[in-house]
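Reading through the structure tokens given below for one structure.
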Amino acid sequence: MQDPINFLPSPAKAFVRIVEAINRRIGRFAMYLIFVMIGILLYSSISKTFFFPSLWTLEMAQFVMVAFYMLGGPYSMQLHSHVRMDLLYGNWTPRKKAIIDSITVIMLFIYLGVLLYGGISSTSYAIEYGERSYSAWRPYMAPIKILMCVSVFLMLLQAVAVWLRDIATIVYGNELEANS
């Protein structure tokens, strides 16, 4: 089956390609953060067993896991590897899937918009007041909150790109199936 974005107008096609290229690179980078987290937890285990325990390891591992999860989300959406209820969906035609997806993505836009709004508010508070964690290590919270806002924004852009693909599949579905 031909790629649906080939039927989109040039600005929309450029938008989809740019967003997907950015999210692909960031997502591929984020995949390797799991090894960083493993290294931190390994160091934590060794230091707690043989030396003095470090204050920073558990919280740093949590921050790396947040980065792994949040930065990988848009890439996961791009690859269609997120979880979905496949009871009926798997048997539908690509056009019917695109119709349902283009309706349900509206709820995703609302959810991500509210999440981004709250994230920006929380991030601006963290920056303005120098918010720190309540742990003994007391790291600043602004860097992880900024990363979360960037990730939600990238997810929102990826949702728009997927929605544009779905619209192209709905409008040009018959031509896409005829060219396959």
Side-chain angles (χ1 to χ4, degrees), residues 5 8-44 47-48 53-85 101-167:
I5 66 165
L8 291 173
S10 295
K13 190 185 309 184
F15 173 81
V16 170
R17 288 198 171 133
I18 289 168
V19 167
E20 290 187 347
I22 290 168
N23 285 331
R24 185 177 313 107
R25 285 186 181 96
I26 292 173
R28 302 290 280 176
F29 163 77
M31 286 189 328
Y32 297 105
L33 290 176
I34 196 78
F35 297 113
V36 173
M37 189 183 71
I38 290 169
I40 292 168
L41 292 174
L42 181 64
Y43 173 79
S44 176
S47 71
K48 284 178 184 173
S54 300
L55 295 175
W56 60 271
T57 53
L58 180 61
E59 201 159 18
M60 190 64 191
Q62 291 172 342
F63 288 161
V64 172
M65 188 62 188
V66 166
F68 170 78
Y69 178 78
M70 295 294 291
L71 291 173
Y75 185 55
S76 174
M77 185 179 201
Q78 180 180 349
L79 297 177
H80 301 288
S81 60
H82 50 281
V83 176
R84 82 171 64 223
M85 183 65 177
D101 288 346
S102 67
I103 294 168
T104 58
V105 79
I106 293 168
M107 294 302 154
L108 181 62
F109 290 150
I110 294 168
Y111 172 73
L112 291 173
V114 170
L115 198 62
L116 185 60
Y117 177 77
I120 290 170
S121 172
S122 180
T123 302
S124 66
Y125 175 86
I127 291 169
E128 185 176 345
Y129 294 105
E131 181 184 12
R132 297 179 85 128
S133 171
Y134 293 109
S135 68
W137 180 38
R138 296 189 37 81
Y140 286 102
M141 298 302 292
I144 196 67
K145 289 185 177 192
I146 291 169
L147 183 129
M148 290 171 68
C149 286
V150 168
S151 298
V152 171
F153 181 71
L154 290 172
M155 179 70 92
L156 190 56
L157 291 178
Q158 185 62 46
V160 172
V162 168
W163 181 66
L164 288 171
R165 280 183 180 275
D166 288 337
I167 296 300

Can you tell me how far the [atom1] atom of [X] sits from the [atom2] atom of [Y], to the nearest 0.5 Å?
| X | Y | atom1 | atom2 | answer |
| --- | --- | --- | --- | --- |
| Leu108 | Leu156 | CG | CG | 7.5 Å |
| Gln62 | Leu41 | CD | CG | 9.5 Å |
| Arg165 | Gln78 | CZ | CD | 7.5 Å |
| Met148 | Met155 | CE | CE | 12.0 Å |
| Tyr75 | Ile26 | OH | CD1 | 12.0 Å |
| Leu157 | Glu20 | CG | CD | 11.5 Å |

(request) Please test Glu131 against Tyr140 for side-chain contact (heavy atoms from CB on, under 4.5 Å), starting from the C-alpha separation and ending with a verdict. (result) CA-CA 6 Å; Glu131 181 184 12; Tyr140 286 102; over 6 Å; no
(message) Under a plain distance cut-off of 3.5 Å, with no hydrogens placed, do Asn23 and Gln158 share a side-chain donor-acceptor pair?
(response) yes
Counting heavy atoms not belonging to [X], are there more than 12 under 6.0 Å from its [atom1]?
| X | atom1 | value |
| --- | --- | --- |
| Phe15 | CZ | yes |
| Met77 | CE | yes |
| Met70 | CE | yes |

(request) Show your reasoning for whether ring-ring contact (aromatic ring centres under 6.0 Å, His included) applies to Trp56 and Phe63. (result) CA-CA 11 Å; Trp56 60 271; Phe63 288 161; over 10 Å; no
Short side-chain to backbone donor-acceptor contact, [X] and [Y], under 3.5 Å:
| X | Y | answer |
| --- | --- | --- |
| Thr123 | Gly119 | yes |
| Ser122 | Gly118 | no |
| Ser151 | Leu147 | yes |
| Ser124 | Ile120 | yes |
| Arg132 | Arg138 | yes |
| Ser81 | Ser76 | yes |

(request) Looking only at non-hydrogen atoms, find the nearest pair between Cys149 and Leu116 and report the distance. (result) O-CD1, 3.5 Å
(request) Could you pull out the closest heavy-atom pair between Met31 and Phe68, with the gap in Å? (result) O-CE1, 3.9 Å
(message) With side-chain contact (heavy atoms from CB on, under 4.5 Å) as the criterion, how do Val160 and Val19 come out once you've worked through the C-alpha distance, each side chain's angles and the decisive distance to 0.1 Å?
(response) CA-CA 9 Å; Val160 172; Val19 167; over 6 Å; no
(request) Show your working on side-chain contact (heavy atoms from CB on, under 4.5 Å) between Ile167 and Leu8 and close with a plain yes or no. (result) CA-CA 9 Å; Ile167 296 300; Leu8 291 173; 5.6 Å; no
(request) For the pair Trp163 and Phe109, name the ring-plane relationship: parallel under 30°, tilted 30 to 60°, perpendicular over 60°. (result) perpendicular
